[in-house]
There are 2 protein chains.
Amino acid sequence: MQISSRFTIAIHIFSCINTFRDEYKITSNFLAMSIQVNPVIIRKLLGQLKDAGLIEIKRGSGGASLAKKTREITLLDIFNAVESLDDGRLFHFHENPNPDCPIGKSIHPVLDSRLEQIQRAMEKEMQSITLEDIFKDIAKYTKKTLPLNQV
Amino acid sequence: MQISSRFTIAIHIFSCINTFRDEYKITSNFLAMSIQVNPVIIRKLLGQLKDAGLIEIKRGSGGASLAKKTREITLLDIFNAVESLDDGRLFHFHENPNPDCPIGKSIHPVLDSRLEQIQRAMEKEMQSITLEDIFKDIAKYTKKTLPLNQV
DNA sequence: GTTTATTGTAACATTTATTGTTACAACAGA
DNA sequence: TCTGTTGTAACAATAAATGTTACAATAAAC
């Protein structure tokens, strides 16, 4: 199965904060218009990003902002913040291999280190990409034009 | 979300075939006893592995066997055989970013290449590990002892 | 030819995660 | 006090993973 869209939505959120922070208050409604999902979905994600120390949110008055420099936030930070992997493991292992079978007994300890090896390769690549990199890429595609909502 | 257990179950299947092929007919029931899942689950997986050209299955008389050398089957081959990723993509992208927003318009083309970059890092690591490697690891944990079923 | 074990597959149930939605109390600033 | 916003509960809808029973098709053994 695919990794959930929370990851790409979270990156979208950061991109909006970075692009519009000087001109607009970044509320869940503002983000919902750009991402085109329900504002409550956004708020839950914002909560996860806040809990991970990546953004700050103002209650009441509203608005999200970056808690770190764009160079200091990696895609791995974002992935870990929004993707709740069971026990931190990317791969789901079948639960009950038969301990009375020589393979059933050994498959788990043997495979675990290999699965970790694969997961680490993915995480290392995620860690090598920062929001700064993403924002540079975006700058090639867009100039700051008129925002979409005038509310 | 985690990657489904079909992946680890498939590796378990290969391990059983390799270990018991000279002594036992590797049926879905035999495998189900070692893996401890329903035989129909096993049969569906065996079908996927057969379609990918990794194993051979005998109808009627029954039994699965390797279609290639253990050096020639990588974890990536197995992953691709049993994990049906939508459009081959590991990451699910939110469907409808707003094209009227500068970020909404650019997020998809910009992120796509980065997501591919991450996926490729994972696939490269999977490709570097063959069944031969796994079977060597297993050999350190187990000697061929009495099989579990006498049926 | 009959019997037997097995595969392939349909049909369905169960569980879990994702995603979407409405509603509203808590909050902070005007 | 009014207003807009966040945080969160409660629930619905969808989709995927996993489990189960049943049975026709198959191939070998007798």
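Residue numbers begin at 1 in each chain, while the letters A, B, ... track the order of the sequences. Just so it is clear, the values below take in all heavy atoms, side chains as well, and ignore hydrogens, waters and symmetry mates.
- Counting non-hydrogen atoms under 4.0 angstrom, B:Leu46 reaches nothing in the nucleic acid.
- Side-chain contact, B:Glu123 with B:Gln119: a donor N or O sits under 3.5 Å from an acceptor N or O.
- In this structure, the separation between CD1 on B:Ile129 and NZ on B:Lys124 is 12.5 Å, given to the nearest 0.5 Å.
- For the ring-ring contact (aromatic ring centres under 6.0 Å, His included) condition, no pair includes a residue of residues 37-62 of chain B, sequence neighbours left out.
- In this structure, A:Ile55 places its CD1 atom 10 Å from P of D:dT6, rounding to the nearest Å.
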Test side chain to side chain contact (heavy atoms under 4.5 Å, CB included) applied to A:Phe91 and A:Leu111, step by step: CA-CA 10 Å; A:Phe91 296 94; A:Leu111 264 194; over 6 Å; no

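- We find that CD of B:Gln2 is positioned 14 Å from C1' of D:dT18, with the value rounded to whole Å.
- The aromatic rings of B:Phe20 and B:Phe30 sit perpendicular to each other, their planes meeting at more than 60°, with 30° as the lower class boundary.
- When rounded to the nearest whole Å, the span between CG of A:Asn29 and C1' of D:dG7 equals 14 Å.
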Summary of protein contacts for nucleotides 22-30 of chain D, nucleotide by nucleotide, where a base hit scores B, a sugar-phosphate-only hit scores S (4.0 Å, heavy atoms): B--BBSS--

Test log, rule salt bridge (charged side-chain N to carboxylate O under 4.0 Å, His left out), inputs B:Asp133 and A:Arg114: CA-CA 10 Å; B:Asp133 300 323; A:Arg114 296 295 189 171; 5.1 Å; no

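- For the pair B:Asp51 CG and C:dT7 P, the computed distance is 15 Å after rounding to whole Å.
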Atom pairs, protein N/O to nucleotides 17-19 of chain C N/O, distance under 3.5 Å:
unit_1 : atom_1 : unit_2 : atom_2 : d
C:dT18 : OP1    : A:Arg6 : NH2    : 3.0
C:dT19 : OP1    : A:Ser5 : N      : 3.4
C:dT19 : OP1    : A:Ser5 : OG     : 2.8

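- B:Gly63 comes within contact range of the sugar-phosphate backbone alone, with a heavy-atom separation under 4.0 Å but no base atom that close.
- Distance A:Glu56 CD to D:dT5 P: 19 Å, rounded to the nearest Å.
- The nearest whole Å value for the distance from the CG atom in A:Asn38 to the P atom in D:dG7 is 15 Å.
- What separates NZ of A:Lys25 from C1' of C:dA28 is a distance of 10 Å, to the nearest Å.
- Take B:Phe14 and apply the ring pair (Phe, Tyr, Trp, His ring centres under 6.0 Å) test, not counting sequence neighbours, and it matches no residue.
- For residues 53-76 of chain A, every residue pair satisfying the side chain to side chain donor-acceptor pair (under 3.5 Å) rule, not counting sequence neighbours, is listed here: A:Thr74-A:Asp77.
- Rounding to whole angstrom units, CG of residue A:Asp86 and C1' of C:dT16 are separated by 12 Å.
- Residues meeting the ring pair (Phe, Tyr, Trp, His ring centres under 6.0 Å) test with A:His92, sequence neighbours left out: none.
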